[in-house]
Amino acid sequence: MYASGNIPKGAFLLPLTLFLIVLLLPLLRNFMQPSSNTFPTTNLETNQTKKCNIFSGNWVPYPQQPYYSNQTCPFILDQLNCIKNGRPDTDFLKLRWKPHDCELPLFDATQFLELVRGKSIAFIGDSMGRNQLESLLCLINTVAHPEDITAKHTSYDDIFFRWWFVADYNFTVTTLWSPFLVKFNDSDPSGRAYYSATKLYLDEADEAWSSKIKNFDYVVFSTGQWFFRPLTFYEKGQVVGCQKCQNSTELNFYGYKKAFQTAFRTLRNIEGFKGVAFLVSHSPEHFENGAWNEGGSCNRTKPFSLEEKGVYESGDIVKALHEIQVEEFNAAREKGLRFGLIDVTDAMVVRADAHPSRFKPGNKKVNDCVHWCLPGAVDTWNEFLLYLMKLDGEKHNTML
């Protein structure tokens, strides 16, 4: 035994070192473990989704017939009815999205309808939301016919605000046109004046959707294409910026970012809203050899290769828009919004083959390289939607 004052200095080091190792080992283990969240995730997570990111994958050959055809589905707009409009190739219908680490289930229309029995869903945004909506109508029409009940809600007969009802399941579907999500004043009410500036009131949500969704069970936000136009930004009634103005052709992402902030804040603050929200990430366009109004086209019959994806002309813009959406999505869910991200960007950026292109009615000099043929790649969006809806249901039930 050592006398007091003669204890070797190293006698205290061993127990102290052991104590520190025990204390810090869990932290070191977590620090050294690689993150499974390579891509943005939703807050609708289970043990299964933490193991698999359904949005990271590639398109693989799929020889089966599509869920529906232009002959079996009456809900396809002529603009998107590529086969009816004379598109001769069908290879774009013979691909399916395959996540790297798991399987994405096929869309089961009966399962979907049972999940939404007695409920309602609203698609809010621009024509990309309408594109997904028509896909969904075609998918569920294979089991139960959606009846157009628009006349019960509005006297306007257009494609911008419509309602459908599936009586066998007491299920309501609607599309609410709001291309900017915030209040706007177009110089041409028809929206055809592409070259004149639209006024965006970035701190005011568009009442076209905000006044109607209180009692909806699901809302799906999908927009972005109209933000490429000339725009004037207003906040508190004052001009705070602009885009494609004063002899500049540059994009100003400020309005895009603020629009999503305002939309998500408004949704959180709608008294009585208890539904689930989904954000569909940016859907890329694929004009080649010129812009849409300069003879640009999309005549490919196969998706981009990995090399072609890497040099995609609009890649920087798509990346910037996607990053803004994910940032605002994450901010909204951290503030308590029950929110899921349908991250279609990576899947769709290679599908330059899946647009209507010149196979559409009307002006043949302007190709459609923005929207998606029906049936086609956009049906995958609803496979994503059903997958996330099931996960939300599982998570919500375990919390009750």
Side-chain angles (χ1 to χ4, degrees), residues 44 67-68 72-77 80 107-179 181 205-223 263 266-267 270-280 337-340 342 374 378-379 381-393 396-397:
L44 309 180
Y67 293 106
Y68 57 90
T72 62
C73 181
F75 302 105
I76 304 175
L77 278 180
L80 309 176
F107 187 92
D108 186 327
T110 300
Q111 185 182 61
F112 176 86
L113 288 167
E114 288 293 348
L115 186 64
V116 297
R117 183 184 288 276
K119 297 181 180 180
S120 56
I121 185 170
F123 287 82
I124 301 166
D126 59 17
S127 54
M128 304 314 300
R130 170 81 192 199
N131 209 162
Q132 182 179 1
L133 163 72
E134 290 181 6
S135 164
L136 182 63
L137 291 174
C138 289
L139 289 167
I140 63 180
N141 186 61
T142 61
V143 170
H145 181 70
E147 176 191 359
D148 191 328
I149 58 169
T150 302
K152 296 181 180 180
H153 295 270
T154 179
S155 59
Y156 292 104
D157 186 17
D158 56 37
I159 66 171
F160 300 113
F161 297 92
R162 300 201 77 84
W163 283 258
W164 293 265
F165 183 66
V166 183
D168 291 346
Y169 293 86
N170 189 27
F171 172 53
T172 301
V173 188
T174 188
T175 177
L176 303 175
W177 176 256
S178 183
L181 302 181
D206 186 359
E207 291 187 357
W209 67 266
S210 64
S211 64
K212 294 181 173 66
I213 65 163
K214 175 181 177 179
N215 297 316
F216 275 85
D217 299 285
Y218 302 98
V219 295
V220 181
F221 291 101
S222 182
T223 193
T266 300
L267 186 64
I270 293 178
E271 186 176 355
F273 176 74
K274 298 179 180 179
V276 186
F278 295 98
L279 171 64
V280 179
L337 192 59
R338 197 171 158 198
F339 212 177
I342 304 176
L374 291 174
V378 71
D379 294 319
W381 299 14
N382 287 313
E383 293 175 345
F384 291 155
L385 173 63
L386 176 55
Y387 185 90
L388 292 182
M389 288 172 68
K390 289 190 294 184
L391 294 181
D392 173 72
H396 189 62
N397 290 336

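Numbers for residues simply follow the sequence, beginning at 1.
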Any ring-ring contact (aromatic ring centres under 6.0 Å, His included) pairs touching residues 116-149, not counting sequence neighbours?
Phe75-His145
One pair to check against side chain to side chain contact (heavy atoms under 4.5 Å, CB included): Leu391 and Tyr387. What are the steps and the verdict?
CA-CA 6 Å; Leu391 294 181; Tyr387 185 90; 3.4 Å; yes
Report yes if the side chains of Leu374 and Asp379 come closer than 4.5 Å at any heavy-atom pair, otherwise no.
yes
Heavy-atom closest contact (Ser120 atom, Asn215 atom, distance)
OG-O, 3.8 Å
Closer than 3.5 angstrom, by distance alone: can the side chain of Ser210 be matched with the main-chain N or O of Asp206 as a donor-acceptor pair?
yes
With sequence neighbours left out, the residues meeting side chain to side chain donor-acceptor pair (under 3.5 Å) with His153 are none
For Gln111 and Lys390, the nearest pair of non-hydrogen atoms, with its separation, is OE1-NZ, 3.3 Å
Write down the atom of Leu181, the atom of Gly125, and the distance for their closest heavy-atom approach.
CD2-CA, 4.3 Å
Which residues satisfy the ring pair (Phe, Tyr, Trp, His ring centres under 6.0 Å) test with Phe171, sequence neighbours excluded?
Phe112
Please find the pair of heavy atoms, one from Pro146 and one from Asn141, that lie closest to each other, and give the distance.
CD-OD1, 3.6 Å
Write down the atom of Ala109, the atom of Val143, and the distance for their closest heavy-atom approach.
CB-CG2, 3.4 Å
Side chain to side chain, Tyr67 and Glu383, heavy atoms closer than 4.5 Å
yes
Show your working on side chain to side chain contact (heavy atoms under 4.5 Å, CB included) between Asp217 and Val116 and close with a plain yes or no.
CA-CA 9 Å; Asp217 299 285; Val116 297; over 6 Å; no
Looking at side-chain heavy atoms only, is the closest gap between Phe216 and Lys119 below 4.5 Å?
no
In Å, rounded to the nearest 0.5 Å, how long is the span from CG of Leu133 to OG of Ser127?
12.0 Å
All side chain to side chain donor-acceptor pair (under 3.5 Å) counterparts of Tyr218, not counting sequence neighbours:
none
Do the non-hydrogen side-chain atoms of Leu137 and Cys73 ever get within less than 4.5 Å of each other?
no
Can you establish whether the number of heavy atoms outside Glu114 located under 6.0 Å from its atom CD is more than 12?
yes
Atom pair CG/CD of Leu77 and Glu134 - distance to nearest 0.5 Å
3.5 Å
Ile270 versus Ile213: any side-chain heavy-atom pair under 4.5 Å?
yes
Is there a side-chain contact between Tyr68 and Ser135 in this structure, where contact means two heavy atoms from C-beta onward sitting under 4.5 Å apart?
yes
The reported gap from CD1 in Ile140 to CG in Asp108 (rounded to nearest 0.5 angstrom) is 13.0 Å
Any non-hydrogen side-chain atom of Phe273 less than 4.5 Å from a side-chain atom of Val219?
yes
Any side-chain heavy atom of Ile124 sitting closer than 4.5 Å to one from Val220?
no
When rounded to the nearest 0.5 angstrom, what is the spacing between CG in Leu386 and CZ in Phe107?
5.5 Å
Under the rule for side-chain contact (heavy atoms from CB on, under 4.5 Å), what residues qualify as partners of Asp126, not counting sequence neighbours?
Met128, Trp177, Pro179, Thr223, Gln225, Trp226
What is the distance from atom CZ of Phe384 to atom CG of Leu388, rounded to the nearest 0.5 Å?
9.0 Å
Give every donor-acceptor pair under 3.5 Å between a side-chain atom in residues 161-170 and any protein atom, sequence neighbours left out.
residue, atom, partner, partner atom, Å
Arg162, NE, Asp148, OD2, 3.2
Arg162, NH1, Asp157, OD1, 3.2
Arg162, NH1, Asp158, O, 2.6
Arg162, NH2, Asp148, OD2, 2.9
Trp163, NE1, Thr174, OG1, 3.3

Would you give the length of the straight line joining atom CG of Asn131 to atom CG of Leu136, rounded to the nearest 0.5 angstrom?
12.0 Å
Which heavy atom of Gln132 sits nearest to which heavy atom of Val280, and what is that distance?
OE1-CG2, 3.5 Å
